[in-house]
Amino acid sequence: MESTTKPLDFIRAMVADDLRTGRHGGRVITRFPPEPNGYLHIGHAKSICLNFGIPQEFKDQAAAGARCNLRFDDTNPTTEEQEYIDAIKRDIRWLGFDWGEHEYYASDYFEQLYEWAIQLIKAGKAYVCDLSAEEISRTRGTLTQPGMPSPHRDRSVEENLDLFARMRKGEFPDGSRVLRAKIDMNSPNLNLRDPVMYRILHEEHPRTGTAWCIYPMYDYAHGQSDSIEKITHSLCTLEFEDHRPLYDWFIEQLGIFPSRQTEFNRLNLTHTIVTKRKLRTLVEKGHVRGWDDPRMPTLSALRRRGYPPAAIRAFCEGVGLSKREQTIEIARLEFHVREELNRTADRVMAVLDPLRLVVTNFSEGQVEQMEAVNNPEDAAAGKRTVPFSKDLYIERDDFMENPPAKFFRLAPGREVRLRYGYWVTCTDVVKDAAGNVVEVRCTYDPLTRGGDNPPDGRKVKGTIHWVSAEHALDAEVRLYDTLFSKEDPNDVPEGGDWLDNLNPDSLRIVKGAKVEPSLATARAGATFQFERLGYFCVDPDSESRRLVFNRTVTLKDSWAKGQKG
RNA sequence: UGGGGAUUGGUGUAACGGUAGCACGACUGACUCUGGAUCAGUUAGUGAAAGUUCGAAUCUUUCAUCCCCAGCCA
């Protein structure tokens with residue numbers, strides 16, 4: 001028997017090993033810990049798929065339970081908002097994951113964290129420091145030089161206890177004092193040079209309101225929150241590797257449940273930026289319409305763009321996991337989107353750049369209902385009907401007066417198939433005063449009804465899409481390209497700015513598109529394949545009078561590709 | 001310059017001392033009522049140098065390169 005089990009990545013291998021050796025008593029508990037200060041993006045999706053995926057995958061081997069907690073890392077009220085909490089939950093659910101009742105907040109643990117801080121003060125492991133932020137920074141030393149001990153490093157336990165209690169009571173202004181861990185000012189790891197545990201912030205918190213005016217720092221809050229929740233595997237990205245010694249130090253000093261941190265590589269995409277700070281800049285400076293602008297890499301934008309969650313999940317599983325820097329080509333994401341949509345999206349005909357086509361030998365006023373397959377990949381998707389008449393629109397690109405070799409579409413004297421319609425032969429071209437082709441005139445062959453091959457065995461090279469002029473619906477179509485023209489948006493010349501790499505053509509709006517009448521009832525979010533063009537989905541801006549579509553992704557187009565070269 | 005990580009085709013990811021494989025991309029061709037899909041095929045890789053070994057991507061040493069760290073952000 002051939003073994004079909006695919007190799008486990010290093011994290012899953014570790015989990016499997018921990019389960020085998022009974023390290024955590026048969027439990028696998030992970031957590032996804034977003035900070036509610038922005039929207040989730042594709043990079044988070046990788047972490048979500050990992051953290052929620054692992055408990056699912058190891059359920060059978062984890063006799064004592066497997067789950068992923070959703071925990072908001074809400075320790076900085078100056079940047080965090082309820083709006084983001086709501087958006088994050090919506091996006092995780094949309095991606096296809098559920099945390100059940102295990103929704104937690106670091107702020108739920110503020111009291112416990114405070115008590116533990118007192119415990120550390122009593123143990124002589126933490127002290128109140130009156131240095132200013134600037135002074136702390138200056139005395140921290142540099143990469144190559146050790147730091148200088150704070151003049152308050154050896155305050156008595158009593159004084160520290162008193163000061164810390166008064167910090168909590170609100171007796172001191174912001175920035176006047178902090179609580180610091182007493183570790184090692186000489187450590188080559190900057191994180192261990194007496195890191196700040198608490199800072200004073202007279203700021204209202206979205207959840208605790210004004211109950212607190214001191215807030216714990218990430219390093220002091222995260223590991224302890226993991227420990228409180230008995231997280232067995234705390235997975236985070238590579239840049240936290242340097243923080244692991246500190247993560248372990250607090251847990252050890254406190255003698256609490258030993259959660260363990262393991263780091264994996266962050267996901268980067270070409271032509272894309274996945275830094276929350278920079279995404280915020282794009283939104284605030286108006287380079288995009290908002291967090292859900294379909295050009296953004298946020299999950300809400302990908303949803304609006306029409307990316308199916310299943311495609312994002314497959315992508316995240318597909319990119320793999322390691323400790324190397326990972327920059328995935330955008331084409332790989334698009335591959336998964338096409339793969340999913342090819343299976344699931346109904347086909348429909350739409351003309352983006354309409355050119356009038358008159359079938360001269362077709363009776364005026366006559367309408368034939370032609371049968372069309374909704375999805376050739378899925379018989380269950382059924383069939384629909386498309387009206388055919390004398391006056392049609394075809395895609396301007398599908399006609400050339402003087403076609404080059406290998407052009408299989410319509411041209412003077414040429415015959416093509418109108419998909420699900422009839423075979424037509426171009427007999428005439430009508431031009432305007434400027435010489436632009438404004439109409440092509442054709443005759444049709446009644447023996448090719450439905451687009452079928454004629455009995456005489458004649459062949460045709462091309463099949464093109466069309467809509468009936470009288471029946472077509474008007475639509476606005478938004479065509480997207482990458483937000484940045486450079487593979488690496490951060491690759492800028494001296495004195496340049498990453499914003500210089502914004503792609504001026506990332507959005508092209510087509511106003512005069514014509515789509516087949518079956519789309520009249522399409523609802524926001526519905527995804528279709530416009531035959532021969534790509535996948536499109538109905539934008540929330542869409543109204544019955546004025547349909548609006550977003551292009552999710554184009555179809556692969558070997559003709560266009562050949563033209564470029 | 002200190003510390004922490006990492007180097008396998010264009011991009012990712014396997015191989016854990018024994019045939020360098022898979023996916024995406026690119027390129028051919030077949031087929032097709034979507035120049036889509038599908039099918040078949042081609043292309044291209046172990047950062048460098050020494051060493052250990054019958055045998056090295058894998059072990060050792062040296063070198064090189066890249067990423068992260070000096071927030072009272074996470």
Side-chain angles (χ1 to χ4, degrees), chain A residues 6-7 9 33-35 37 73 75-76 78-80 129 131-134 136-138 140-147 174-180 187-193 195-201 214-215 217-219 221-222 236-245 263 265-266 270 276-277 315 318-336 338-339 342-343 347 349 372-373 376-377 406-409 417-421 423 448 450-453 460-465 487 529-534 554-562:
Chain A
K6 57 176 184 187
D9 57 68
E35 184 192 8
N37 68 345
D73 231 329
T75 57
N76 185 358
T78 59
T79 57
E80 296 157 4
C129 176
L131 259 25
S132 70
E134 193 267 326
I136 287 182
S137 171
R138 188 150 34 77
R140 184 158 23 228
T142 68
L143 295 180
T144 51
Q145 291 172 330
D174 288 4
S176 58
R177 286 173 221 267
V178 291
L179 183 72
R180 290 228 254 172
S187 173
N189 180 344
L190 286 325
N191 294 125
L192 264 21
R193 318 239 265 227
V196 172
M197 294 167 60
Y198 274 93
R199 75 284 217 187
I200 300 173
L201 248 28
I214 57 171
Y215 291 93
M217 298 287 290
Y218 166 85
D219 284 307
H222 198 99
C236 63
T237 43
L238 257 22
E239 67 269 27
F240 290 100
E241 261 167 335
D242 286 343
H243 294 249
R244 193 179 346 122
E263 310 84 14
N265 56 350
R266 167 188 285 277
T270 59
K276 248 194 253 179
R277 206 194 91 242
F315 169 75
V319 296
L321 213 53
S322 70
K323 294 183 84 106
R324 310 162 53 169
E325 294 295 307
Q326 179 184 60
T327 302
I328 306 291
E329 290 169 333
I330 201 80
R332 192 183 181 105
L333 213 206
E334 294 182 340
F335 162 79
H336 286 285
R338 289 193 186 101
E339 186 177 58
N342 178 51
R343 280 179 34 235
R347 273 61 169 172
M349 289 196 285
V373 173
E377 307 291 323
K406 300 272 187 64
F407 182 83
F408 300 153
R409 286 108 94 146
R417 177 187 356 254
L418 294 178
R419 185 139 161 99
Y420 301 126
W423 291 24
T448 57
D452 289 348
N453 294 344
V460 79
K461 281 290 254 306
T463 297
I464 65 175
H465 59 277
E487 249 192 39
Q529 183 194 101
F530 289 180
E531 294 224 23
R532 305 208 306 131
L533 297 176
T554 61
L555 245 28
K556 291 222 280 188
D557 187 345
S558 48
W559 164 247
K561 190 180 290 175

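Scope of the values below: all heavy atoms of this structure, side chains included, with no hydrogens, waters or symmetry mates. Chain letters run A, B, ... following the sequence lines, proteins first and then strands; every chain starts at 1.
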It should be established whether [X] places a side-chain nitrogen or oxygen under 4.0 Å from OP1 or OP2 of nucleotide [N].
X        : N     : answer
A:Thr75  : B:A74 : yes
A:Ser137 : B:G71 : yes
A:Arg532 : B:G35 : yes
A:Lys461 : B:U32 : no

Under the ring pair (Phe, Tyr, Trp, His ring centres under 6.0 Å) rule, collect the residues that match up with [X], sequence neighbours excluded.
X        : answer
A:Tyr198 : A:Phe164, A:Tyr220
A:Phe335 : none
A:Phe530 : A:Phe536, A:Phe549

Practice task
State which residues pass side-chain hydrogen bond (donor to acceptor under 3.5 Å, both in side chains) with A:His465; sequence neighbours excluded, sorted by chain then number.
Solution key: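 Partners of A:His465 by the side-chain hydrogen bond (donor to acceptor under 3.5 Å, both in side chains) criterion, ordered by chain and then number, come out as A:Glu395, A:Arg532.
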Exercise for the section: Please answer whether B:G35 and A:Trp559 are stacked, defined here as ring centres separated by less than 5.5 Å and planes angled under 30°. Expected result: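 Yes; centroid distance and tilt both under limits.
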Using the test salt bridge (Lys or Arg N to Asp or Glu O under 4.0 Å), find all partners of [X] that sit at least two apart in sequence or belong to another chain.
X        : result
A:Arg419 : A:Glu531
A:Glu339 : none
A:Arg417 : none
A:Asp174 : none

Exercise for the section: Under 3.5 Å for both distances, Watson-Crick or G-U wobble, that's the pair rule; now give the dot-bracket for RNA chain B, with | marking pairs to another strand and [ ] for crossing ones. Expected result: .((((((..((((....[..)))).(((((.......)))))....(((((..]....))))))))))).....
Practice task
Check the chi torsion on B:G71 and let me know: syn if it falls within 90° of 0, anti if not.
Solution key: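 Syn, which is what one calls it when the glycosidic angle falls within 90° of 0.
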Where do N or O atoms of nucleotides 41-45 of chain B meet protein N or O atoms at under 3.5 Å, pair by pair?
none

Exercise for the section: Using a 4.0 Å heavy-atom cut-off, write out nucleotides 12-20 of chain B from 5' to 3' as B (base contacted by protein), S (sugar-phosphate only) or - (no contact). Expected result: SSS------
Practice task
Please list, chain by chain and in numerical order, all residues satisfying side chain to side chain contact (heavy atoms under 4.5 Å, CB included) with A:Leu192, sequence neighbours excluded.
Solution key: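 Once residues adjacent in sequence are excluded, the partners of A:Leu192 under the side chain to side chain contact (heavy atoms under 4.5 Å, CB included) criterion are A:Ile183, A:Ser187, A:Asn189, A:Pro245, A:Leu246.
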